[in-house]
Amino acid sequence: MATTPQELGGIQQKRLAEFIEPFRVTPGAKVTLAKDFDPAFKAGVNKKKDGVRFLAEGVQTLADYQARLAAQESYGLLVVLQALDAGGKDGTIRHVMSGVNPQGVEVRSFKVPSAEELSHDYLWRYATHLPARGMIGVFNRSHYEEVLVVRVHPENLDRQNLPKTARRGDIWKRRYREINDWERYLTDNGIRVVKLFLNLSKEEQRTRFLKRLDLPDHNWKFSEADVREREYWGDYQTAFSEMLSHTSTKWAPWYVIPADRKWFARLAASAVIGHALMEIDPHFPTVTDERRQELEKIRQMLTEQAPKGAAPDPFEKDGDD
Ligand code: AMP
Ligand code: MG
C-alpha cells in the first residue's frame, strides 16, 4: 500500500528528530562546552554537496509549515540565535529563512541597550519584540546577552542601575531561573521557543576575522571590538557553558550547532526549526458544514449577478473554462 502524506510527514519528523538529537542539551546536564561539543562535527553528512541539497529541502519544509502557521494564527515561533562574533548568525538567518514569506517573519537584532531600554527591567526590550500568533520571530542575539556579555563585562550590569536587592546573592542563577520561567510562560501560551547556539572554534574565528580583513567586500564587517572580545574567549566559554547548563529545559532546550562549517550550521539550524514546526503541526483552518452552506448561498447570489455572456462562475467544478 502507498504511504500517505501523513505517514511520510511522520517519517520525516522521526528522521529529523534523530539528526538533531546530538545537538540537544539534555535538561539538567552540566555542560563544559570544549569537552562536550565539537564545532567541526558533521553528523554523518560528509560532503558539502549533500549538505547543500538537504538544506534546500529544509528551506522548502520551513516555507510549507510557515504558511500553515500563519493561516492558523494560534501558535507563534521564536527562534533565539546566539553565537560568538563571526559565528555565522547573519548568514544562517539569510539562508534558512530564504524560502519563507517575508510577511510571516520578523528578525530583530539586539545591540547595546539604549537609555530607554536600560530604564526598564532587563527582559522588557525582548518582550516588546516577541512574535505574534502565526508569526516566526528571529532574535539575532537575545535575552541571553543578559547572562553572557553582561556577565563577562560587569560594567553592563552597573549601567542597569538595579536596586541593591536585585544584585544580592547569585544574580546569574536568579536570571537563569527568571529566563526559564519566562520561556515556560511563553510556551504555555502558544509561543514556542527554539534556541540555537552556533558553536565556533577559536581557530575558525581567527580565520573568519582574517577573511574580513583580506577581502575588500568583507571589510565593513570587521570590527576591532570583536578582536578585543576574543581576549575574553575563556570567559565567554565559561558563560556559555553555564548558560547551557542552567537554561536548557524540557519546554525550551538548547541546541548546540557545530558552526565551523557554515553549510553544516545552516543545515542543522534548519533541521531544528523544521522539527519544532512539525511538532507544532499547524493546519490550515477548515470551515464547518454550516458555514459551507452559507458560502454556497453567497456563491449562488454572485453567479446570478453575471452579466450577459460572462461565465456565471469560472471556478465552478466541471464548469466551462
Ligand atoms: P553586533 O551583533 O555585531 O551588531 O554587535 C552588537 C553588540 O551589542 C555586541 O557587542 C553585543 O555584545 C552587544 N549587546 C547586545 N546585547 C547587549 C546587552 N544586553 N548588554 C550589553 N551589550 C549588549
Ligand atoms: Mg559584532
Side-chain angles (χ1 to χ4, degrees), residues 33 78-97 106-130 137-162 166-167 171-172 174-176 178-180 182-183 193 195-202 204-215 217-244 246-247 257 259 262 265 269:
L33 208 42
L78 173 65
V79 179
V80 167
L81 261 183
Q82 286 294 155
L84 280 155
D85 294 311
K89 298 192 302 313
D90 298 337
T92 299
I93 296 169
R94 193 169 68 243
H95 280 82
V96 172
M97 292 295 155
E106 247 167 35
V107 182
R108 180 75 194 181
S109 299
F110 291 100
K111 313 274 180 186
V112 176
S114 68
E116 193 197 6
E117 288 169 343
L118 282 173
S119 72
H120 288 82
D121 62 280
Y122 75 95
L123 287 177
W124 177 82
R125 72 163 177 164
Y126 310 99
T128 57
H129 294 286
L130 286 169
V138 181
F139 279 3
N140 183 346
R141 302 186 188 272
S142 68
H143 47 295
Y144 284 99
E145 291 294 333
E146 304 292 338
V147 294
L148 293 168
V149 69
V150 178
R151 183 171 188 172
V152 172
H153 299 286
E155 59 272 25
N156 289 305
L157 196 59
D158 298 336
R159 275 187 215 115
Q160 296 188 355
N161 217 5
L162 299 170
R167 292 190 67 151
I171 182 167
W172 309 116
R174 196 157 55 240
R175 285 196 169 191
Y176 298 142
E178 288 159 352
I179 287 171
N180 288 341
W182 187 55
E183 291 177 355
V193 185
K195 304 187 300 205
L196 307 174
F197 167 56
L198 304 183
N199 186 28
L200 186 72
S201 70
K202 196 173 184 188
E204 180 61 21
Q205 189 194 53
R206 190 181 70 91
T207 311
R208 290 187 188 176
F209 284 165
L210 282 170
K211 187 174 176 186
R212 290 176 181 184
L213 289 169
D214 292 338
L215 304 185
D217 283 359
H218 290 246
N219 285 170
W220 67 273
K221 246 195 154 168
F222 180 77
S223 135
E224 263 122 313
D226 289 355
V227 175
R228 276 199 302 276
E229 274 316 86
R230 194 171 150 79
E231 286 167 29
Y232 297 91
W233 183 272
D235 293 344
Y236 273 108
Q237 292 291 301
T238 307
F240 275 115
S241 298
E242 287 271 300
M243 172 197 85
L244 295 167
H246 290 99
T247 61
I257 305 293
K262 288 179 179 175

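First listed ligand is number 1; within each ligand, the first listed atom is number 1. Side chains are part of it too, since the values below use all heavy atoms of this structure and drop only hydrogens, waters and symmetry mates. Quick caveat: nothing in here was measured; it's all calculated off a predicted structure.
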task = Identify, with sequence neighbours excluded, every residue that meets ring-ring contact (aromatic ring centres under 6.0 Å, His included) alongside H246.
result = Y176
message = At less than 4.0 angstrom from any non-hydrogen atom of E146, what atoms of ligand 1 do you find?
response = 19 (N)
ask   = Among all protein non-hydrogen atoms, which one is nearest to atom 8 (O) of ligand 1, and what is the separation to 0.1 Å?
value = V112 N, 3.2 Å
task = Just jot down the salt bridge (Lys or Arg N to Asp or Glu O under 4.0 Å) partners of K195, sequence neighbours excluded, or say none.
result = E183
ask   = Between F209 and R230, is there a cation-pi geometry (under 6.0 Å to ring centre, at most 45° from the normal)?
value = no
query = Would you call Y126 a ligand 1 contact, heavy-atom distance under 4.0 Å?
reply = yes
Which of the ligand 1 atoms, numbered from 1, are nearer than 4.0 Å to a heavy atom of V150 = 20 (N)
remark   = atom 4 (O) of ligand 1: closest protein heavy atom, distance to 0.1 Å, is K111 NZ, 2.6 Å
inquiry  = Check the orientation of H129 and F110. Use parallel for under 30°, tilted for 30 to 60°, and perpendicular for over 60°.
reply    = perpendicular
Atoms in ligand 1 with a heavy atom of F110 nearer than 4.0 Å = 15 (C)
key: Protein contact of atom 10 (O) of ligand 1 - nearest heavy atom, named by residue and atom, plus distance   = R141 NH2, 4.5 Å
key: Under-4.0 Å heavy-atom contact with ligand 1, by part of S223 that carries it   = neither
inquiry  = Please find the pair of heavy atoms, one from N140 and one from D90, that lie closest to each other, and give the distance.
reply    = ND2-OD1, 2.9 Å
query = Which atoms of ligand 1 have any heavy atom of N156 under 4.0 Å away?
reply = 21 (C)
ask   = Which bit of E229 is near ligand 1, meaning a heavy atom under 4.0 Å away: side chain, backbone, both or neither?
value = neither
ask   = Within a strict 4.5 Å, meaning less than it, do heavy atoms of the V96 and V79 side chains meet?
value = no
ask   = Just distances here: any N/O of V149 and N/O of ligand 1 closer than 3.5 Å?
value = no
query = How far is atom 20 (N) of ligand 1 from its nearest protein heavy atom, and which residue and atom name does that atom have?
reply = P113 CD, 3.4 Å
key: Modelled atom types, side-chain donor and acceptor of H143 and E178, under 3.5 Å   = no
More than 12 heavy atoms from other groups under 6.0 Å of CD on E155 = yes
query = Does at least one non-hydrogen atom of K221 fall below 4.0 angstrom from an atom of ligand 1?
reply = no
inquiry  = Are there over 12 heavy-atom neighbours, none belonging to F222, within less than 6.0 Å of that residue's CZ?
reply    = yes
key: Contacting atoms of ligand 1, where contact means under 4.0 angstrom from a heavy atom of R125   = 16 (N), 17 (C), 18 (C), 19 (N)
